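Note that ligands are numbered from 1 as they come in the structure, with each ligand's atoms numbered from 1 the same way. Keep in mind it's a predicted model, so treat the numbers as computed, not measured.
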Amino acid sequence: MKITSTEFVKSAFAEAHWPRLRLPEVAFLGRSNVGKSSLINTLLGVRGLARTSSTPGRTQSLNFFLLNQKFFFVDLPGYGYAKVPRSIRETWGDMATNYLAKREQLVLSIHILDSRHDPTQLDVQLREWLSANAKPHLTVATKADKLSANELQRNLRRARQTLGDGGEIVAYSAVTGAGRPRVWRAISEALDRLTIPLAKS
Ligand code: GTP
Ligand code: MG
C-alpha cells in the first residue's frame with residue numbers, strides 16, 4: 001500500500017479522547033519493549049513518528065496515527081512491565097483492554113513478540129482472549145536481525161507451540177525490513193474485509 005500521508009492525531013489517556021472519526025483501526029499490542037512503536041515507524045517509513053525507547057514502558061497511552069486520511073494505526077502501551085504480573089487485566093492498563101473490548105472499528109490486532117524470547121503467560125492469555133472474542137489478529141516476531149536463521153526458525157517453532165493455536169508468526173526486523181511486505185498484506189486484507197459501513201459520527 002502506498003502511504004501518502006501520516007499524521008499523529010492524539011495520545012488518549014481516556015475513552016472520551018478516542019478519535020470520533022469512525023475509520024478502521026489497526027492496533028499494535030505486545031509486551032513492553034518488544035518493538036511495537038518501531039514496527040509502526042518502519043511499516044510507515046517515518047522515523048520517530050511513534051516514540052521509541054530502550055527503556056520499557058515508553059508508550060503509556062493510546063496513540064492514534066491517521067494514515068492516508070483513511071485508517072488509523074493505534075500504538076498501545078506494552079504489558080508485563082509491572083513488578084508482579086498477575087493477569088493482563090491487572091498489569092496492563094485498563095485503557096488497553098477496554099479499547100480492545102469496545103472499539104467496533106478495530107479491524108486487526110497485531111500481536112508483537114520479541115523473536116529472541118518465548119511468549120509469556122500474558123501473551124498466551126492475550127491470544128486466548130483475542131480468539132475467544134473473535135478479534136482478527138496477526139502475530140509478528142520482531143528483532144529477527146538479532147538471531148541467526150537457525151535460531152530464528154527454532155524460536156518461531158517454540159513460540160507457535162507456546163501460543164498453541166498453530167497460527168502463522170511473521171518474522172520481522174525494523175533494521176532490515178524483513179517481514180514488511182507480509183505485514184502490509186495482512187493490513188490491506190483487513191481493511192478490505194471491512195464490510196460494516198463506517199460513517200463519521
Ligand atoms: P514500549 O512502548 O515501552 O512498550 O516499547 P515498544 O514495544 O514500543 O518498543 P520500541 O519500539 O520502543 O523498541 C524498544 C527497543 O527495541 C528500542 O531500543 C528499539 O530500537 C529496539 N528495536 C525494536 N525493533 C527492533 C528490531 O527489529 N531490531 C532491533 N535490532 N532492535 C529493535
Ligand atoms: Mg512503544
Side-chain angles (χ1 to χ4, degrees), residues 6 8-13 17-18 25-67 72-85 87-100 108-127 130 137-153 155-156 159 163 169-184 186-187:
T6 61
F8 170 65
V9 173
K10 63 165 67 175
S11 194
F13 285 89
H17 303 143
W18 296 350
E25 294 177 355
V26 177
F28 294 77
L29 37 145
R31 268 185 306 123
S32 283
N33 208 235
V34 285
K36 297 175 293 298
S37 302
S38 302
L39 175 59
I40 289 176
N41 290 337
T42 53
L43 282 173
L44 298 173
V46 183
R47 210 178 269 263
L49 183 67
R51 297 277 299 276
T52 66
S53 163
S54 54
T55 313
R58 169 75 257 176
T59 308
Q60 295 181 346
S61 51
L62 272 55
N63 290 292
F64 291 84
F65 302 93
L66 179 60
L67 308 165
F72 283 97
F73 275 4
V74 188
D75 192 9
L76 270 69
Y79 50 83
Y81 183 51
K83 286 194 179 125
V84 189
S87 74
I88 291 178
R89 176 158 283 285
E90 283 164 354
T91 59
W92 191 20
D94 278 348
M95 275 184 313
T97 43
N98 190 36
Y99 169 83
L100 290 177
L108 180 67
S109 295
I110 300 189
H111 179 199
I112 300 142
L113 307 170
D114 183 326
S115 58
R116 295 169 301 175
H117 308 301
D118 242 3
T120 65
Q121 200 49 42
L122 291 174
D123 288 314
V124 175
Q125 284 178 28
L126 171 63
R127 171 55 61 91
L130 290 171
H137 54 269
L138 175 76
T139 313
V140 173
T142 51
K143 310 193 187 185
D145 56 282
K146 290 187 180 253
L147 294 173
S148 71
N150 280 341
E151 288 170 328
L152 180 62
Q153 288 316 316
N155 287 6
L156 291 179
L163 291 176
I169 300 182
V170 181
Y172 191 89
S173 168
V175 174
T176 67
R180 195 170 174 270
R182 176 65 191 98
V183 177
W184 266 122
I187 293 170

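- Checking only distances, Ser37 does come within under 3.5 Å of ligand 1, N or O to N or O.
- Using modelled atom types, one finds no donor on one side chain facing an acceptor on the other under 3.5 Å when comparing Arg180 with Ser173.
- Between Lys36 and Asp75 there is no salt bridge, since no side-chain N of the basic residue sits under 4.0 Å from a carboxylate O of the acidic one.
- A side-chain N or O of Ser11 and one of Asn63 form a donor-acceptor pair less than 3.5 Å apart.
- Between Val34 and ligand 1, at least one N/O pair is under 3.5 Å apart.
- Shown here are the side-chain hydrogen bond (donor to acceptor under 3.5 Å, both in side chains) partners of Thr42, two or more places apart in sequence or in another chain: Tyr172.
- Contact annotation: Ser37 places an N, O or S atom under 2.8 Å from the Mg ion (ligand 2).
- Using a 30° and 60° split on the angle between ring planes, Phe8 and Phe65 fall in the tilted class, from 30° to 60°.
- Distances below 4.0 Å separate heavy atoms of Val175 from the following atoms of ligand 1: 28 (N), 29 (C), 30 (N).
- Checking only distances, Arg51 never comes within under 3.5 Å of ligand 1, N or O to N or O.
- The atoms of ligand 1 that sit less than 4.0 Å from any heavy atom of Gly78 are 4 (O).
- Looking at Lys146, Lys143, Lys36 and measuring to atom 21 (C) of ligand 1, the nearest heavy atom belongs to Lys143.
- The side-chain contact (heavy atoms from CB on, under 4.5 Å) test with Phe28 singles out one residue from Leu39, Val140, Leu108, Val74, and that residue is Leu39.
- Taking every non-hydrogen atom of Ser38 and a distance limit under 4.0 Å, the qualifying atoms of ligand 1 come out as 10 (P), 11 (O), 13 (O), 19 (C), 23 (C), 24 (N).
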Q: For the pair Ser115 and Asn155, evaluate side chain to side chain donor-acceptor pair (under 3.5 Å) and give the outcome as yes or no after the intermediate values.
A: CA-CA 7 Å; Ser115 58; Asn155 287 6; 6.0 Å; no

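- Scored by the side-chain hydrogen bond (donor to acceptor under 3.5 Å, both in side chains) test, Ser38 finds no partners at all (sequence neighbours excluded).
- Of all atoms in ligand 1, numbered sequentially from 1 with element shown, those under 4.0 Å from a heavy atom of Asn33 are 1 (P), 3 (O), 4 (O), 5 (O), 6 (P), 7 (O), 9 (O), 14 (C), 15 (C).
- Only the side chain of Asp145 comes within contact range of ligand 1, with a heavy atom under 4.0 Å; no backbone atom does.
- If you number the atoms of ligand 1 from 1 as listed, the ones under 4.0 Å from a heavy atom of Ala174 come out as 24 (N), 25 (C), 26 (C), 27 (O).
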